[in-house]
**Q** 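I have a structure I would like to understand better, so I am pasting it below and will then ask my questions one at a time.
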Amino acid sequence: MSQMRGLANFISEIRGCKNKTLEKNRVLRELSNIRSKFQKGTRLDAYSRRKYTWKLIYIYMLGYEIDIGHMEAMQLCAARTYAEKKT
């Protein structure tokens, strides 16, 4: 993972939350942001798709339900370049 600043900032913000309520609010806000990016109809570049997919994986590891991002993950697997596939 090559220096995804947005991902690192998100993880830092989650770790800095004082209680579970603040964490949940931050996660829900990020899920809303990711959902809007995926549903806009605009094509995401490879970096953004990887960054948002990693954020979804991290949110899932925290124990939250994930109902978006499946098609984007499949697009990464089917990508032509190795850099996208190794994500």
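Because the structure is a prediction, the values reported are computed rather than measured. The first residue in the sequence is number 1, and the count goes up from there.
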**Q** If two hydrophobic side chains count as joined below 4.5 Å and joins carry through other members, does Y64 share a cluster with M61?
**A**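 As far as the 4.5 Å side-chain criterion goes, M61 and Y64 are connected within one cluster.
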**Q** State, with a plain yes or no, whether a side-chain heavy atom of L31 is found less than 4.5 Å away from one of I66.
**A**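 With C-beta onward as the side chain, the pair touches.
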**Q** Measure the spacing between CZ of R35 and OH of Y52 and express it to the nearest 0.5 Å.
**A**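 Going from CZ on R35 over to OH on Y52, the span is 14.0 Å.
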**Q** Determine, using the 4.5 Å side-chain heavy-atom cutoff (strictly less than), whether I59 and L22 are members of one ILVMFWY cluster.
**A**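 As far as the 4.5 Å side-chain criterion goes, L22 and I59 are not connected within one cluster.
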**Q** Does any N or O in the side chain of S32 come within less than 3.5 Å of the main-chain N or O of L28, such that one atom is a donor and the other an acceptor?
**A**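 Checked: no pair found.
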**Q** Hey, which of R50, R49, K37 is the one that makes side chain to side chain contact (heavy atoms under 4.5 Å, CB included) with E72?
**A**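 With E72 as partner, R50, R49, K37 yield a single side chain to side chain contact (heavy atoms under 4.5 Å, CB included), made by R49.
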**Q** Rounded to the nearest 0.5 Å, what's the gap from OG1 on T53 to CD1 on I68? Could you check?
**A**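 CD1 of I68 is found 9.5 Å from OG1 of T53.
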**Q** Heavy-atom distance under 4.5 Å between the side chains of W54 and K51, does that happen here?
**A**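 No, their side chains stay 4.5 Å or more apart.
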**Q** Can I get a per-line list of side-chain donor-acceptor pairs under 3.5 Å for residues 9-17, giving both atom names and the distance, sequence neighbours left out?
**A**
from : atom 1 : to  : atom 2 : distance (Å)
N9   : ND2    : R5  : O      : 3.4
S12  : OG     : A8  : O      : 3.0
E13  : OE1    : R26 : NE     : 2.4
E13  : OE1    : R26 : NH2    : 2.8

